[in-house]
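To find a chain, count down the sequence lines: A is the first, B the second, and so on, and within it residues start at 1.
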Amino acid sequence: MQFEPYNHKEIEPKWQNIWDDNEAWVTGEDKSRPKFYALVEFPYPSGQGLHVGHPRPYTAMDIVSRKRRMQGYNVLFPMGWDAFGLPTENYAIKNKIHPKVVTENNVKRFKSQLRSLGYSFDWTREVNTTDPGYYKWTQWIFLQLFKKGLAYKAEMPINWCTSCKVGLANEEVVNGVCERCGSEVIRKVKSQWMLKITEYAEKLLQGLDDVDYVEKIAVSQRNWIGRSTGAEVDFSIKGKEDKLHVYTTRCDTLFGATYMVVSPEHPILEKYSSDIENWSDVAAYREQAARKSDFERSELAKEKTGVVLKGLSAVNPVNEKEIPIFVSDYVLMSYGTGAIMAVPAHDERDWDFAKAFNLPIIEVVAGGENVQEKVYTDVADGIMVNSGFMDGLSVKDAQKKMIEFLTEKGIGRAKTNYKLRDWVFSRQRYWGEPIPIVKCDKCGYVPIDESQLPLLLPEVDSYMPTDDGESPLSKMTDWVNTTCPCCGGPAKRETDTMPQWAGSSWYFLRYCDPKNDKEFASKEALEYWMNVDWYNGGMEHTTLHLLYSRFWHHFLYDIGCVPCPEPYHRRTSHGMILGSNGEKMSKSRGNVVNPDEIVDEFGADTMRTYEMFIGAFELSASWQEEGVKGCRRFLERVWKLQTMVKDDPGYSSDLESTVHRTIKKVSSDFETLKFNTAIAAMMSLVNEFYRKNEVTLGEYRLLLTLLNPVAPHITEELWQRTGGEGFLYQQKWPEYDEAKMVDDTMELPVQVNGKVRGTVNVSTDASKDDILSAAKELVGTKYGENIVKEIYVPGKIINLIIK
RNA sequence: GCGGGUAUGGCGGAAUAGGCAGACGCAAGAGACUUAAAAUCUCUCGGGGGUAACCCCGUGCCGGUUCAAGUCCGGCUACCCGCACCA
């Protein structure tokens with residue numbers, strides 16, 4: 001048998017070409033086979049190229065996809081580009097190159113890098129969110145949302161990044177600064193397109209019960225949606241028609257409400273400004289609050305500030321007591337009703353505020369310490385006091401009773417609230433999908449006709465964002481001025497573009513039927529492929545992309561465009577790859593590893609193996625160059641095994657059970673994301689072959705098959721060299737025989753008083769008595785005969801208890 | 001503050017369902033091959049004690065349950081990641 005050194009530089013391109021020539025990864029048309037839709041998050045093609053974090057999820061899902069193909073599934077494993085976005089635009093501005101050209105170049109680079117890693121993506125289904133043939137349908141979906149009233153324009157205080165000069169979604173503001181550039185984010189009121197994701201809050205929450213998401217992902221989504229149940233209560237304003245509505249989860253404490261607080265943006269202030277005797281103080285406070293960002297407001301949370309509204313007061317509806325109203329920025333306009341009833345005895349914030357303003361504190365739940373001294377919030381088994389008709393009830397019963405009471409009197413009602421807010425959908429930027437709406441003075445906001453889609457992004461001279469906060473498109477008067485599709489009169493186009501999350505909210509649907517120009521995907525293709533069987537992606541997308549795309553998909557389901565409400569059946573996530581010092585990789589830390597160099601020096605198969613061997617898939621792991629070498633060494637050993645092959649198609653009898661156990665372990669580990677232990681098991685098997693200095697052809701081919709999904713090039717080459725028929729990727733995934741996994745004998749540890757004192761070798765079918773007497777023989781002479789108890793756990797352990 | 005996660009040798013990490021802690025890999029040491037080195041192959045490799053057979057200790061800390069605890073229960077500590085005046 002011929003033997004040459006393992007040369008990845010020769011082997012890897014060779015097989016990549018063969019796979020291409022054979023269209024090995026083009027998705028099959030045979031729809032009688034069971035389908036498997038494996039999805040990885042499509043990358044943003046940044047100028048930096050691929051980093052070593054990218055291949056982790058890609059390799060994992062590539063392994064699963066390759067294995068499923070060998071198991072007879074019809075596999076869809078596509079890839080594409082989430083290519084709209086700020087970095088490309090910023091790069092374009094800086095270097096005076098059109099973002100389209102920048103994107104093309106970056107995509108080209110990414111694609112060749114991905115190719116060099118040997119992924120089995122079906123490139124015939126490649127999508128690119130910046131392709132007009134693609135964003136036509138992004139715009140189309142937006143129009144459907146608009147037609148159903150789920151897209152609307154609103155004057156909104158938005159998060160404004162002072163450096164990017166763009167509005168950001170709440171989700172894009174991290175610790176008060178822009179998630180992307182780290183600059184200060186301030187509040188700015190602007191007319192923005194909004195999507196009513198809040199209307200889907202309940203469906204998005206309920207839908208989590210029907211899918212198989214890793215627990216922490218489901219928990220994050222639930223928390224983000226933030227459902228709470230409670231009551232809305234109407235407080236009358238003394239001498240006025242209007243009522244002040246509050247939302248509370250603690251309506252049981254209503255008798256303890258000693259004052260009210262409205263947020264600085266509450267409309268009641270403006271409306272009754274003439275009744276408020278100290279209006280100038282109130283106005284000054286409002287102005288001060290408006291200048292702060294949300295972040296600053298919460299930063300300054302330590303001391304409570306506020307101003308009482310002199311001349312206005314409210315009436316507690318349960319006891320008719322008159323109570324003062326304050327304005328304070330600790331009440332947010334964006335949650336609940338923007339007004340609260342304050343129960344200082346049983347709410348920490350209210351207690352702080354009451355202490356600062358010397359307001360009465362009335363205990364209504366007994367069980368804590370003196371509420372004048374210490375707030376009592378942990379009221380789980382408290383009993384109602386000072387609460388009229390509810391005295392003596394438990395908190396839980398009191399809540400029920402109060403809701404009944406409020407409902408009966410018509411002064412309140414049960415109410416569910418969500419923390420989730422509507423999605424700010426406008427960006428004042430060039431490199432995004434144009435929003436297909438025109439504004440007509442007569443007809444208002446009018447959608448452009450669907451036949452006019454895609455609404456192309458016009459060529460502009462400058463992509464620079466403007467200081468007045470308008471999109472660069474607003475300077476394109478030729479493009480902006482148009483006619484109203486409704487009345488034919490003069491109208492102006494919307495100049496904001498969509499956020500990057502738009503294109504990624506439905507891309508998995510396009511993969512099902514990427515070239516369709518009649519629909520975003522045919523019913524037939526969607527029926528067959530959806531939903532995605534397994535979607536793996538980063539934890540950082542749990543509350544953004546994952547929630548947004550679920551929202552769009554639920555909507556598309558409701559209007560009959562997709563066959564199932566939930567887009568993803570299973571969702572898993574991978575951990576980050578950190579630098580060798582355990583810190584996040586970054587240029588400034590100087591710990592960045594370039595995947596090209598790894599592939600060049602060690603090969604794609606080594607890179608893939610190491611990325612999977614590095615540690616538990618869902619945890620972060622730090623990159624160790626020495627570890628890469630270890631994986632290369634393993635592949636070298638697999639390579640060298642070809643010289644030890646004995647021409648025997650079966651398994652040698654002494655390794656049969658090991659072989660079957662390895663098949664089982666590798667098969668199940670691949671499905672449960674335990675790639676590291678799967679590889680460890682294959683390493684052990686190889687070590688066995690070396691110990692014997694021999695491997696049968698049957699064993700060798702089995703090893704190659706199991707290893708193929710991880711290291712596809714070297715195994716394909718060795719398959720060919722050892723005379724394997726056809727291509728390895730077309731072989732059947734091996735089966736294991738449970739009956740053959742057990743050996744004739746087994747080694748059992750023998751404990752005395754719980755401490756291991758030795759092992760006995762017994763026949764697998766030996767009786768309990770035989771095993772126990774063998775154990776006693778082992779330890780008997782040393783520990784005497786005072787055995788008071790004998791424990792035998794079949795196949796596991798023997799424990800003898802002596803006095 | 002709330003939610004989630006993590007803690008095991010010199011290092012990365014294993015350990016279904018409580019059942020031989022440290023699989024697999026790295027680093028280190030020894031030997032073989034070599035003029036030599038590298039590569040490769042073989043062996044050793046948690047700590048302590050003992051000439052030895054063996055013995056003691058050991059999975060962040062304190063306690064508990066159990067014949068048996070890295071794993072279960074109660075109470076902590078440290079670090080990481082989200083969210084955060086959400087009424």
Could you check A:Thr253, A:Asp252, A:Thr248 and say which one makes a side chain to side chain donor-acceptor pair (under 3.5 Å) with A:Arg250?
->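 Among A:Thr253, A:Asp252, A:Thr248, the one that satisfies the side chain to side chain donor-acceptor pair (under 3.5 Å) with A:Arg250 is A:Asp252.
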
Taking O4'-C1'-N9-C4 for purines and O4'-C1'-N1-C2 for pyrimidines, is B:G70 syn (within 90° of 0) or anti?
->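 The base of B:G70 is oriented anti (glycosidic angle more than 90° from 0).
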
State the pairing partner of [N]; accept Watson-Crick or G-U wobble contacts with both distances under 3.5 Å, and report none otherwise.
N	value
B:A84	none
B:A52	none
B:C76	B:G60
B:G70	none
B:C26	B:G10

For A:Lys755 and for A:Asn799, find the nucleotide of RNA chain B with the closest heavy atom, then tell me which residue's nucleotide is more 5'.
->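 On the 5' side of the pair lies A:Lys755.
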
Which residue lies more 5' along RNA chain B, comparing A:Ala621 with A:Glu747 via nearest heavy atoms |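 Closest to the 5' end, via its nearest nucleotide, is A:Ala621.
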
Does any donor-acceptor pair link the side chain of A:Lys304 with the base of B:C85 at a separation under 3.5 Å?
->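 Counting by modelled atom types and ignoring angles, a donor-acceptor contact under 3.5 Å is found here.
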
Using a cut-off of 4.0 Å on non-hydrogen atoms, how would the nucleic acid contact of [X] be classed: base, sugar-phosphate, or nothing?
X	answer
A:Gln751	base
A:Arg222	nothing
A:Leu800	nothing
A:Val219	sugar-phosphate
A:Ile801	sugar-phosphate

Distance test, side-chain N/O of [X] to OP1/OP2 of [N], below 4.0 Å:
X	N	answer
A:Tyr335	B:A87	yes
A:Asn687	B:A23	no
A:Arg757	B:C55	yes
A:Thr543	B:C83	no
A:Asn676	B:G25	no
A:Arg633	B:A39	no

A:Phe675 and A:Phe670 aromatic ring geometry - parallel, tilted or perpendicular at 30°/60° bounds |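 Plane angle between 30° and 60°, so tilted.
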
Roughly how many Å apart are [M] and [N], using the [atom1] atom of each and rounding to a whole number?
N	M	atom1	answer
B:C72	B:C24	P	25 Å
B:G74	B:G58	C1'	23 Å
B:G70	B:G18	C1'	10 Å
B:A27	B:C76	C1'	35 Å
B:U59	B:A69	P	11 Å
B:U77	B:G13	P	26 Å
B:G22	B:U44	P	14 Å

Hey, does A:Val261 have a side-chain heavy atom less than 4.5 Å from the side chain of A:Tyr330?
->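 Result yes, sub-4.5 Å side-chain heavy-atom pair found.
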
Is there a side-chain contact between A:Val262 and A:Val331, using heavy atoms and a 4.5 Å cut-off?
->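 A side-chain contact under 4.5 Å is absent here.
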
Please name the pair of heavy atoms, one in A:Leu205 and one in A:Ile225, separated by the smallest distance, quoted to 0.1 Å.
->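 Closest pair (atom of A:Leu205, atom of A:Ile225, distance): N-CD1, 3.8 Å.
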
Can you tell me how far P of B:G12 sits from CG of A:Leu619, to the nearest Å?
->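 Those two atoms, CG and P, are 13 Å apart.
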
B:A84 C1' sits how many Å from A:Asn223 CG, rounded?
->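 From A:Asn223 CG to B:A84 C1': 11 Å.
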
